[in-house]
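Numbers restart at 1 for each chain; the letters A, B, ... are given by sequence-line order, proteins then strands. Remember, predicted model here, so these are calculated numbers, not experimental data.
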Amino acid sequence: MRSIIPIGPFHPLQDEPENFLLTVEGETVVDIDVNIGYIHKGIELLAQQKTYDQTVFLVERICGICSITHTVCFCNAVEDLLKVEIPERAKYIRTILGEIERIHSHLLWMGLAGHFIGYNTVFMWTWKYREPILDMMEYLTGNRQSCGMLKVGGVRRNLEDSRFPALLKTLSEMEPKIKMLAEAVQDDPVLKARLEGVGVLTKKDAIDYCVVGPTARASGVDIDVRRDDPYAAYPYLDWNVIVLNGGDVYSKFLVRVLEVLEAIKILRQAVKQIPKGDFLLEIKEIPPGEGIGRYEAPRGEDIHYVRSNGTNFPERLKVRAPSFINIPSFTASCIGQQIADVTITLAAVDPCYSCTERMISARDLSGNKKYSQKDLLEISHQKTLEISRNLARPADLPKLKKYL
Amino acid sequence: MKIQEFIEILKSKSKFPFEVQQHSEKRVYIRIARENLKDIAIVIFKEMNAKFSIASGVHIREGFEVLYHFTFDKDKFICTVRTLAPHDDPKLDSLVSIIPGATWIEREIYDILGVQFLGHPNLKRLVKAEFLGEKEFPFRKDFNIKKFKEDHGLAPKISFIQPVEQTVKKSK
Amino acid sequence: MENLVLYLLAFLVFPGFLFTSTFGLVVSWIDRKVSARIQWRVGPPFFQPFYDLFKLWQKELIIPRSAKGMAFIIAPFIGLAATSLLASIIGIINLNPEYQFVGDVIVIVYLMMIPPLAIIWGGFSSGNPLAALGANREIKLMMGYELPFILAVVTVFFKVGSISLGEIIQYQQVHGALLNHPSMLVAFAVSLLWLQAKLGEIPFDISEAECEIMEGPFIEYSGPLLGVYKVMMAMLHVVCPWFLISIFWGGTSMQGWGILWSVLKFVFIIVLVIIIKNTNPRVRIDQAVKFFWGWVTLLALIAMVLMFLGY
Amino acid sequence: MPNLSTRWLKKSPWVYHVGTGGCNNCDIEILDCLTPRFDVERFGIKLVVSPRHADVLLVSGPVAYHIKPRLQEVYKQVPKPCVVACIGACACSMGIFKDAYSVAGPVDKVIKEIDPNAIFVYVPGCPPKPETMIMALVKALQKI
């Protein structure tokens with residue numbers, strides 16, 4: 001018997017509204033529809049009414065977790081338009097902020113992943129480890145998230161050298177804990193049984209769906225914008241791109257744990273090498289033209305396209321967040337799974353709906369089916385009626401119908 | 001592969017004219033006529049193994065410009081193919097048959113700009129599903145947000161805080 | 001007439017509804033506090049479960065349009081009544097084994113199936129697809145965990161040679177707790193796994209997985225009815241361990257130091273449940289059923305074989 | 001009014017989180033409140049997963065047009081008495097998204113359309129710190 005399980009719009013699986021319609025046979029998923037667009041606000045259009053400086057604050061609010069991502073990406077795009085090179089110190093500051101954000105975003109995902117499979121202890125412990133990193137963010141920039149540090153041409157405020165030792169201390173305190181977490185993930189048999197072989201996205205599917213970020217790297221696709229299209233201070237630093245071949249949730253988990261360790265490595269070098277000097281390049285005017293910025297967000301490659309017509313306001317801003325490309329891969333990874341596994345498979349992409357929906361709403365991915373709210377209610381009513389028919393005596397049926 | 005080499009290969013493989021504008025070492029823009037869109041997509045995506053990133057649609061004076069961004073990850077540059085659909089006939093060939101990943105973005109551009117994509121399997125409205133009219137496209141220059149918000153009852157009524165009448169007893 | 005009053009008192013006050021529910025709420029506080037300590041948190045204050053309950057009692061009761069009214073309302077009360085009855089039977093026999101009747105263990109095992117059935121009924125009658133899914137899972141899980149548990153109980157029957165709880169307790173008072181025998185230890189381990197699933201704790205809280213199906217059968221319940229379910233679950237946390245102590249661990253006594261010893265036994269079992277809960281992720285329904293019908297049943301059979309061999 | 005129901009409500013507010021189009025910042029700060037550093041379970045605050053069990057709705061973000069009917073539906077499902085807490089600048093006043101074309105209005109305006117007597121708590125900030133949220137909730141519950 002086929003039935004349809006709606007997940008969302010409001011569901012504890014995600015903090016954000018979204019809707020998945022799972023068509024299930026028993027407990028096995030045979031089809032999935034993704035409905036997003038509940039929180040579409042029209043940020044791209046809004047950007048056309050704001051000046052470049054204001055737009056930085058606007059794109060910061062595309063997504064709270066990737067606040068540095070979108071701002072740096074937008075600044076990259078405008079600087080590409082201007083063909084300017086920003087001061088060295090600004091580059092290092094952007095790198096430091098970006099890597100701090102990567103650590104906190106990955107830890108956040110790991111905790112949530114633990115929560116989704118009912119392992120609340122993992123959730124609490126990873127989020128406890130995440131707190132010092134947020135404290136560092138506050139200590140360095142003044143706010144836990146959305147710090148408003150970026151500006152076209154550099155950074156708005158300087159990071160004081162005197163504050164870096166505290167950062168290094170936090171990192172060295174964190175590193176053994178992350179290593180312990182990595183070992184725990186590899187050793188825990190129950191966790192392994194629950195994650196291994198679940199929601200496999202093969203390399204071919206990964207290339208076909210053009211997925212990016214940890215999702216692609218866990219499937220054996222070797223891409224990383226930090227290396228492929230270097231920005232900020234990454235060319236001066238020594239680090240590795242983590243690539244695993246499993247494609248399942250377990251690999252995605254492991255990629256993220258190892259990336260946190262890489263991020264710690266990058267941060268240490270950046271703090272050591274950061275030069276003194278200017279941190280902001282004065283931008284007088286922005287000529288007509290167009291620019292493309294790329295950034296490796298915690299979730300994957302982020303692209304901004306900016307077109308200027310010589311005025312104070314951007315003529316067009318196009319944002320492609322990583323989740324926009326990653327979400328369609330659900331179709332490949334979810335079908336044939338158990339319902340209990342679907343939640344963690346969906347979560348494994350680390351989908352970020354605020355990013356995706358600044359302009360888009362997708363409906364009916366498979367192309368032929370679409371259920372409105374009313375249809376769904378109808379279907380679920382029919383199902384309950386059927387169940388009650390099987391359970392109840394025939395004489396009670398008219399009474400039951402009244403309630404339906 | 002440098003951008004110059006890429007242009008040479010592209011010239012040798014394609015049989016139609018195109019106009020190259022090199023922005024910097026990492027960015028190159030190619031302008032083509034809309035009839036040749038499918039051919040160039042086959043050359044770049046299928047034969048040269050680029051990754052399709054995204055397409056952006058812009059409303060300019062001459063019509064609707066659609067830019068397809070292809071990234072060459074190993075060679076560290078982005079090639080942007082731009083093409084124009086004029087005002088009176090806003091139609092382009094759909095690339096979905098060549099690039100499956102373009103499904104969502106073509107629907108988005110159709111939705112916000114009103115550009116038709118010929119041959120798209122499932123060209124439907126997306127974001128403005130319920131509350132925007134068939135002929136209202138928010139990203140066109142003639143779209144008036146203020147008027148739209150007033151029409152749909154979305155405009156926040158500006159109301160100043162009413163001063164509370166203070167009943168102060170004057171001491172006699 | 002006097003008997004009737006006594007029976008009513010036993011059912012409603014001690015050791016029935018009032019005592020068990022109060023004790024159960026304290027147990028649920030222990031549960032939350034210990035979980036919090038494991039997760040490096042402080043945890044709720046002592047009276048928190050009572051506050052929750054009083055608040056739920058004061059809240060508005062919403063009966064969704066899709067629900068089948070009567071079944072939706074009756075289901076929780078049936079579960080509550082069954083649990084109270086269980087508590088009074090187990091409690092009275094523990095107090096005075098003379099009050100036994102033949103086959104009371106079988107009655108108890110049957111009564112223990114009623115609370116999950118009430119949850120299933122409530123879930124199906126609420127007309128929500130997620131609740132129906134949760135109820136569905138509860139059925140499968142019940143089929144899984146009851147088989148090995150009944151095997152374990154039958155092992156006890158053969159060991160003692162009786163099917164009444166009073167005689168089992170008296171046997172243990174004479175010969176020492178059944179747990180001293182290796183075969184019974186194995187059967188006890190089987191029962192502990194059954195306990196984990198019966199109480200709906202992780203890793204077997206599949207039917208009310210909050211991240212997958214949002215509390216499953218309880219999704220549409222609000223206000224007082226939810227409170228009734230909460231009390232029922234709290235009482236189950238007392239009754240089920242109590243039953244295990246009675247048949248395996250020499251029962252409880254209400255005199256002198258015996259009270260302390262009984263409470264210690266009880267706390268030991270509860271803390272074990274909480275620790276298992278906090279160190280494991282949730283398993284899938286097919287994994288759980290396979291686990292119970294495979295390994296756990298095998299373990300129960302081993303216990304039986306050991307018992308027949310005289311260990 | 002010293003109502004019996006609100007007396008116990010103060011002791012055990014169960015919260016349900018509704019994201020209506022914010023940028024995630026407030027959402028993860030709300031989750032942060034549960035974790036060891038802040039641990040709102042000390043005050044009896046518990047995050048529940050079904051609106052039927054909730055006493056407090058935590059709404060984060062400006063109400064996007066598509067989510068408006070859903071928010072109203074969720075509000076109807078919550079058993080009364082309940083409190084609506086607007087978390088963050090966007091929920092209080094639409095914040096930076098004031099001029100966006102697809103935003104229906106701040107939370108209080110949307111909910112007042114179906115229930116003029118709803119009780120609101122405003123927690124401004126972008127994002128508000130977890131301490132602020134805890135303080136706001138505790139204070140709000142003292143007042144009702």
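- Put simply, the side chain of A/Ser105 never gets that close to the backbone of A/Arg102: no donor and acceptor are under 3.5 Å apart.
- D/Lys129 pairs by the salt bridge (charged side-chain N to carboxylate O under 4.0 Å, His left out) definition with A/Glu138, not counting sequence neighbours.
- Taking the side chain to side chain donor-acceptor pair (under 3.5 Å) definition, one finds that D/Asp115 meets it with D/Tyr75, sequence neighbours left out.
- In terms of heavy-atom pairs under 4.5 angstrom with chain D, the leader among A/Lys128, A/Met124, A/Gln145 is A/Gln145.
- Contact residues of residues 84-92 of chain D toward chain A are absent (heavy-atom distance under 4.5 Å).
- Taking each heavy atom of D/Cys126 and A/Ser146 in turn, the nearest pair found is O-CB, 4.3 Å.
- Note on residues 33-49 of chain D: pairs passing salt bridge (Lys or Arg N to Asp or Glu O under 4.0 Å), not counting sequence neighbours, are A/Glu131-D/Arg37, A/Asp135-D/Arg37, C/Arg32-D/Glu41, C/Arg41-D/Asp39, C/Arg41-D/Glu41.
- With respect to the salt-bridge test (charged N to carboxylate O, under 4.0 angstrom), the residues A/Glu173 and A/Lys169 qualify.
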